[in-house]
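The chains referred to below are lettered A, B, ... by the order of the sequence lines, with proteins before strands, and numbering in each begins at 1. Because the structure is a prediction, the values reported are computed rather than measured.
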Amino acid sequence: MTLLVTLALRALFRDWIFVFCNVAVLAGVIVPLLVLYGVRNGVYDALIGDLMANPATLQIDTAGNQSFTPADLAEVQGWEDVRFATLKTRSLFDYVNVRATGGRGRQEALIAPSGTGDPMIAPLPGLGPDEVAVSPALATQLGLSAGDGVEIFTQAENRPRQLVLNARVAGVLPPGRLDGRVVMADIGLLDLIEAFYDGYALPEHGIDSGKPLADRAGSFEGMRVYAAALDRLAPLQDRLETRFGVRTLARTAEVTSVLTLGRNLGLALALTVAVAAAGLAASLIFGFWGEVVRTRRTLANLGLLGLPQWQLSLFPVVQALVTAVLGLCVSFLLFRLTAALAERLFETGLTERGGLVSVSPAEALAIAAAVIAFVGCASLAAARAALATDPATVLREET
Amino acid sequence: MADALVLRDLGVSLADGDRGFALRVPELSIAAGETVGLTGPSGTGKTLLLELLGLLRVPDAGGVYRLCPGDAPERDLTALWTRRGRIARLRGRLFGFVPQTGGLLPFLTLSENVALPQRICGRPDPGLVRDLIDRLGLGPVAGLRPERLSIGQRQRAAIARALAHRPRFVIADEPTAALDPENAAEAMTLLFEAAGRTGSAVIVSSHDLDLLGRFALTRYRLALDPDHAPGRPVSRLVAAEDGPEAA
């Protein structure tokens, strides 16, 4: 086998002009396709990256005054498209005052429900009953950092006393995730605030007057749900609206538009690849076949000297595979140059995560394997022709 | 000398539509180290007979084609065609070929061409390669590719290649057809001398009766049967008498 490979390579590189032609044909098809694929990846990744940078993209909020129970929440949490779901209290009571424990200044802030697995507080895994996460703006204004204590004040018009809740800052949210002053807390804490507004007694928090808390029915105004993935957002929104007969708010139109763009770009690329591959296949099949016809005396000679026919059939296959590897090397080199030129020409600043033209190492490896397999298949007709070589040709034909 | 190759009532038939050609070998024995000359007019099947001998052509059923090594059991060579996978290897080991025009591989140097049969057979012997190249006067051009060699040098290189793996038989199909008379005689002399050193039998076909007449050969002649059917000639091998004859 070593001898066969050696002879095939010696024969191949003696006629370097034919190698050059085949490598040029390969590169002429592969490089434009790589650039198209890279641009499709670069643009699409940038758009998807922008969407995914904010977990709120996956968020679905119920609108208006509805009535959800913990059983409803449990049902939604069981849906496979749901990454996280939480109940919401009435938006009327969303604002609280926050002060650092022992501090002097207070700031009004929006309070929002959260819980274990909430993508909005990631990388925090969840919040305990007396823990909160705060937005960067609120943290800056109150000088808060993880581990600090805070007091959350609520004042209702019909209550003689303020409700004061003590909590610990579990973490400050990453910049850009939530604008303004926001406190995220466990739904239990928000439910407590709502009960305070509704006039219930909360003796463990110093509110002795009011209706007994045991009489309170467990009902919530809304629900906030996060889809497991971008392409699950629209189906999940439909399901929520159908199941509960409610209207919801989400960035579905924006997400669907980007996903459709990606799908259409992928289809256009697939069509281009199919047409190019058909042309390339025809070119390679006839090229390799013609090469066997041209060098049939060489093959016949090797057969005459005792090389079995099946080894002769591998002769063009070995040459084709080596040509494919050379073609790939040249193609990726030209692709890198083209990509660098494109980045320099356009200077789009399209994304901070990657360039305009993007092909990952894993994708490059997969493309290389596909090209080698493709070229190997294209050489099978040549292999068949080599298999039919008659060694007696050497004795019968004159040069 | 013990017989090494024995053919008896062996034939090969070719057909192409209404036309056909048949070659019949009633009796042919080639001993180890023997030199055999094969003559006959064009179209009588000299190359076809060499192909038959060299395991390049399937014989008709019913004949005998046997290898009798002397130091090993006899072997029925017609049976090989039922399992063709082993034919190429056996052909490579048993035979060396000298085609009309050298048949060297253009991408190998002369010395690499000569060593190639050894590599294919798995019997490397660089010493014999060097010896053959030197004896055939090819030392100064051993590193050149065939395109840089003269026709005479290519033909001598082909002779060296045919003998490099010490085959039992060398089949030379009009090896001097492309050479002028002086170079032809020299090449033929070198072929027989070199074959004599390696102990190989030589079967050489040629139109040049004068040239063959200079060497002590067992001579055979192919001739068409006079009463063959129209469009289906039959050629038959017969032992040739010494002396001038039509080629």
Using 30° and 60° as the class boundaries, would you call the ring planes of Phe332(A) and Phe335(A) parallel, tilted or perpendicular? perpendicular

With rounding to the nearest 0.5 Å, note down the distance linking SG in Cys329(A) to CG in Leu334(A). 11.0 Å

Given the ring of Phe18(A), does Arg294(A) sit roughly above its face, with NZ or CZ under 6.0 Å from the centre of the six-membered ring and within 45° of the axis? yes

Hey, are Arg130(B) and Asp125(B) close enough for a salt bridge, meaning a charged N less than 4.0 Å from a carboxylate O? no

Any side-chain heavy atom of Tyr65(B) within less than 4.5 Å of one from Leu53(B)? yes

What part of Arg57(B) gets closer than 4.5 Å to chain A, counting heavy atoms only: side chain, backbone, both or neither? side chain

Give a yes or no answer on whether the side chain of Gln155(B) reaches the backbone of Thr176(B) with a donor-acceptor pair at less than 3.5 Å. no

Answer with side chain, backbone, both or neither: which region of Arg161(B) has an atom nearer than 4.5 Å to a non-hydrogen atom of chain A? side chain

Using heavy atoms and a sub-4.5 Å threshold, report which of residues 104-118 of chain B line up against chain A, by residue number. Leu104(B), Leu105(B), Pro106(B), Phe107(B), Leu108(B), Thr109(B), Glu112(B), Leu116(B), Pro117(B)

Part of Leu4(A) within contact of chain B (heavy atom distance under 4.5 Å): neither

Contacting moiety of Leu48(B), where chain A heavy atoms sit under 4.5 Å: both

Under a 3.5 Å distance rule, please check whether Arg91(B) uses its side chain to pair with a backbone N or O of Gly306(A) as donor and acceptor. no

Let's test your reading of the structure: which of Ala11(A), Ala300(A), Gly303(A) forms the most heavy-atom pairs below 4.5 Å with chain B? Ala11(A)

Donor-acceptor pair, distance only, cut-off 3.5 Å: does the side chain of Lys46(B) make one with the backbone of Thr39(B)? no

Among Asp15(A), Asp390(A), Thr295(A), Leu307(A), which residue has the highest count of heavy-atom pairs closer than 4.5 Å to chain B? Leu307(A)

Quick check: closest heavy atoms across Gly96(B) and His165(B), and the distance to 0.1 Å? CA-CE1, 4.0 Å

